[in-house]
Asker: 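The following block contains the structure, expressed as structure tokens.
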Amino acid sequence: MGGLVYFSSASGNTARLVGRLGLPACRIPRRAGDPVPAITEPFVLICPTYADGYGRGAVPKQVIRFLNDPATRALLRGVIAGGNRNFGKLFALSGDVISARCNVPLLYRFELAGTGEDTTRIRAGLARFRAEEEDKTCLTQA
Amino acid sequence: MKDTDHTRPVPRAVNWNRLEDEIDLDVWNRLTVNFWLPEKVPLSNDIPGWSQLTPGEQTLTIRVFTGLTLLDTIQNTVGAPALMADAITPHEEAVLSNIAFMEAVHARSYSSVFSTLCQTAEVDEAFRWSAENEHLQAKSRLILDEYDAAASPLRRKVASVFLESFLFYSGFYLPMHWSSRARLTNTADLIRLIIRDEAIHGYYIGYKFQRGMERLPEAGRQEIKDFAFGLLFDLYEIEARYTEQLYDGLGLSEDVKHFLHYNANKALQNLGFEALFPEEACRVNPAIMAALSPNSDENHDFFSGSGSSYVIGKAVATEDDDWDF
Ligand SMILES: Cc1cc2nc3c(=O)[nH]c(=O)nc-3n(C[C@H](O)[C@H](O)[C@H](O)COP(=O)(O)O)c2cc1C
Ligand SMILES: [Fe+2]
Ligand SMILES: [Fe+2]
């Protein structure tokens with residue numbers, strides 16, 4: 001399975017987490033006009049949450065635009081969501097929304113820029129997940 | 001024409017169709033949609049639960065809430081207005097005026113709890129207690145000194161983020177604790193609305209702080225960072241003593257301190273800094289975490305769960321128009 005794709009707004013929390021992961025990752029641009037990265041391999045998406053008090057708008061517009069492309073969406077394998085538990089029931093809601101919309105597993109949730117434990121778990125989890133995904137691919141190809 | 005005779009220049013009229021910083025509009029929109037008043041919360045449903053608390057637990061609760069009222073009063077009357085004077089964009093000033101008003105709503109809402117659940121005399125006594133409490137006064141003093149120091153907009157932002165993302169939590173712990181035991185659950189709902197607002201305030205002011213830091217040379221950034229960690233140490237010292245004074249009686253002080261460490265680290269993250277407290281010191285009682293964000297238990301994601309089954313998110317009833325599929 002291919003790489004990581006993430007979005008992070010100007011506050012940069014998700015970008016800081018991805019930086020600490022130390023894995024190759026591709027960033028969805030913040031500005032509407034900027035070209036969206038072309039995705040050619042299966043990937044996991046890391047996305048923060050920006051909901052209003054009713055849960056609307058949880059997934060940033062830039063990410064929706066990115067996922068609206070059917071070819072890109074077909075390569076999405078799972079989602080990791082950022083947020084803040086201070087948002088109560090809406091904690092990391094973008095992960096639930098993307099998971100339900102795109103029918104991919106919600107892999108993990110973290111707060112703000114994550115902790116050391118989060119980066120360890122994400123690295124280990126991604127390795128496990130990739131291994132399982134590759135097994136599946138082998139089975140379908142066999 | 002020169003306007004040297006006037007100390008105050010005429011401000012630019014705010015044009016929301018010409019943004020210098022998109023975040024101003026995003027945060028404005030979220031804050032205005034999130035607007036609420038304490039009347040929205042059916043606090044009177046907590047009357048039976050209140051009468052089940054011991055007199056000591058009641059006094060503690062009222063005191064904690066007067067302490068929180070003080071912090072919100074400071075943000076309403078001093079903190080947010082001081083930050084407004086430092087604003088870089090006219091839109092930032094508008095956002096801060098919204099924040100200032102919501103602080104007044106927060107401060108006001110504790111009194112709604114009081115008038116619903118408590119006797120006037122005991123409330124008056126608790127306000128007197130807060131005015132005389134050395135720890136509460138000491139932390140307020142430290143924050144106010146930064147707000148008043150004319151020199152540094154960035155230091156003011158640090159103080160504000162520490163107040164909103166750290167100092168509140170010795171108080172917020174208690175309604176989360178009661179709520180985890182099915183006590184005062186409506187009051188907890190009200191507190192969660194405040195916590196949500198404070199999360200956006202801390203985010204926004206922390207974000208503006210990071211923008212400001214980018215404009216400083218390396219030496220200046222280091223100086224501010226040293227200041228921030230120093231202030232956090234000083235505030236933590238006070239908070240630890242305040243916590244013991246309040247919670248030793250219930251045997252909860254150590255539990256509360258974990259919650260303080262966890263929130264101190266989040267306050268630092270809002271400022272773009274790394275964590276200070278080690279992770280073992282930040283393991284918050286799961287019951288408190290569950291009270292903070294109900295329905296978001298750990299094991300529902302693949303990496304935390306023990307099994308290897310995937311979970312697909314439940315259909316969320318929050319449709320946005322932008323999805324094409
Ligand atoms: C206006 C606003 C709304 C937010 N709403 C939520 C939310 O509903 N749930 C959540 O878990 N986090 C919420 N957050 C927190 C962000 O997801 C969190 O700060 C995240 O780390 C931002 O990532 P970024 O800096 O990479 O953009 C919100 C933040 C803001 C400013
Ligand atoms: Fe407040
Ligand atoms: Fe606030």
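A note on names: the letters A, B, ... follow the listed sequences, proteins ahead of strands, and every chain is numbered from 1.
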Asker: Over all heavy atoms of both residues, which pair between A:Asn86 and B:Tyr169 is shortest? Give the atoms and the distance, please.
Answerer: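 Smallest interatomic distance, heavy atoms only, reads ND2-OH, 2.9 Å.
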
Asker: Looking only at non-hydrogen atoms, find the nearest pair between A:Tyr108 and B:Ser304 and report the distance.
Answerer: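 In terms of heavy atoms, the two residues are closest at CE1-OG, 3.4 Å.
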
Asker: Side chain, backbone, both or neither: which part of B:Phe209 has an atom under 4.5 Å from a heavy atom of chain A?
Answerer: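 Contact with chain A: none, neither part.
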
Asker: Return the minimal non-hydrogen interatomic distance between B:Phe325 and A:Arg101, and the atom names on each side.
Answerer: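 Smallest heavy-atom distance, with atoms named: O-NH1, 2.5 Å.
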
Asker: If you count heavy-atom pairs under 4.5 Å between each of B:Gln210, B:Arg192, B:Glu198 and chain A, which one has the most?
Answerer: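 Among B:Gln210, B:Arg192, B:Glu198, the one with the most close pairs to chain A is B:Gln210.
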
Asker: Output the distance between atom NZ (B:Lys208) and atom OG (A:Ser11), rounded to the nearest 0.5 Å.
Answerer: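 Going from the NZ atom of B:Lys208 to the OG atom of A:Ser11 covers 11.5 Å.
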
Asker: Verify, without hydrogens or angle tests, whether B:Glu279 (side chain) and A:Thr115 (backbone) share a donor-acceptor contact under 3.5 angstrom.
Answerer: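 No: the side chain of B:Glu279 does not pair with the backbone of A:Thr115.
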
Asker: Take A:Phe87 and B:Ser293 through the side-chain contact (heavy atoms from CB on, under 4.5 Å) test and state the conclusion after the steps.
Answerer: CA-CA 7 Å; A:Phe87 289 87; B:Ser293 45; over 6 Å; no

Asker: Measuring from A:Asn68:CG to B:Asp322:CG, what's the distance to the nearest 0.5 Å?
Answerer: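 One finds 8.0 Å between CG of A:Asn68 and CG of B:Asp322.
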
Asker: Picking from A:Arg73, A:Arg65, A:Lys61, A:Arg30, which has the most non-hydrogen pairs under 4.5 angstrom with chain B?
Answerer: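 Ranked by heavy-atom pairs under 4.5 Å with chain B, first place is A:Arg73.
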
Asker: Which atoms of A:Leu90 come close to chain B, meaning under 4.5 Å heavy atom to heavy atom: side chain ones, backbone ones, both, or neither?
Answerer: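 No part of A:Leu90 comes within 4.5 Å of chain B.
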
Asker: CZ/B:Arg196 to CG/A:Asp52 distance, rounded to the nearest 0.5 angstrom?
Answerer: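 The CG atom of A:Asp52 is 8.5 Å from CZ of B:Arg196, to the nearest 0.5 Å.
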
Asker: Need one label for A:Ala51: side chain, backbone, both or neither, based on atoms under 4.5 Å from any heavy atom in chain B.
Answerer: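 For A:Ala51, backbone heavy atoms alone lie under 4.5 Å from chain B.
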
Asker: If contact means a heavy atom pair closer than 4.5 Å, which residues of residues 22-35 of chain B contact chain A?
Answerer: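 Counting heavy atoms that sit under 4.5 Å from chain A, the residues of residues 22-35 of chain B involved are B:Ile23, B:Arg30, B:Val33, B:Asn34.
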
Asker: Indicate yes or no: at least one non-hydrogen side-chain atom of B:Met289 is less than 4.5 angstrom from one of A:Phe91.
Answerer: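 B:Met289 does not reach A:Phe91 side chain to side chain.
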
Asker: State the CZ-CZ distance between A:Arg109 and B:Phe302, to the nearest 0.5 angstrom.
Answerer: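 Rounded to the nearest 0.5 Å, the CZ-CZ separation comes out at 14.5 Å.
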
Asker: Considering only heavy atoms, give the residues of residues 269-277 of chain B separated from chain A by less than 4.5 Å, sorted numerically, with 'none' for an empty result.
Answerer: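 Under the 4.5 Å heavy-atom cut-off, B:Gln269, B:Asn270, B:Gly272 qualify.
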
Asker: Using non-hydrogen atoms and a 4.5 Å limit, figure out which bit of B:Tyr203 sits close to chain A: side chain, backbone, both or neither.
Answerer: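 Only the side chain of B:Tyr203 comes within 4.5 Å of chain A.
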
Asker: Which answer fits B:Phe303, side chain, backbone, both or neither, if we ask what part of it has an atom under 4.5 Å from a heavy atom of chain A?
Answerer: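 Looking at B:Phe303, backbone and side chain both touch chain A.
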
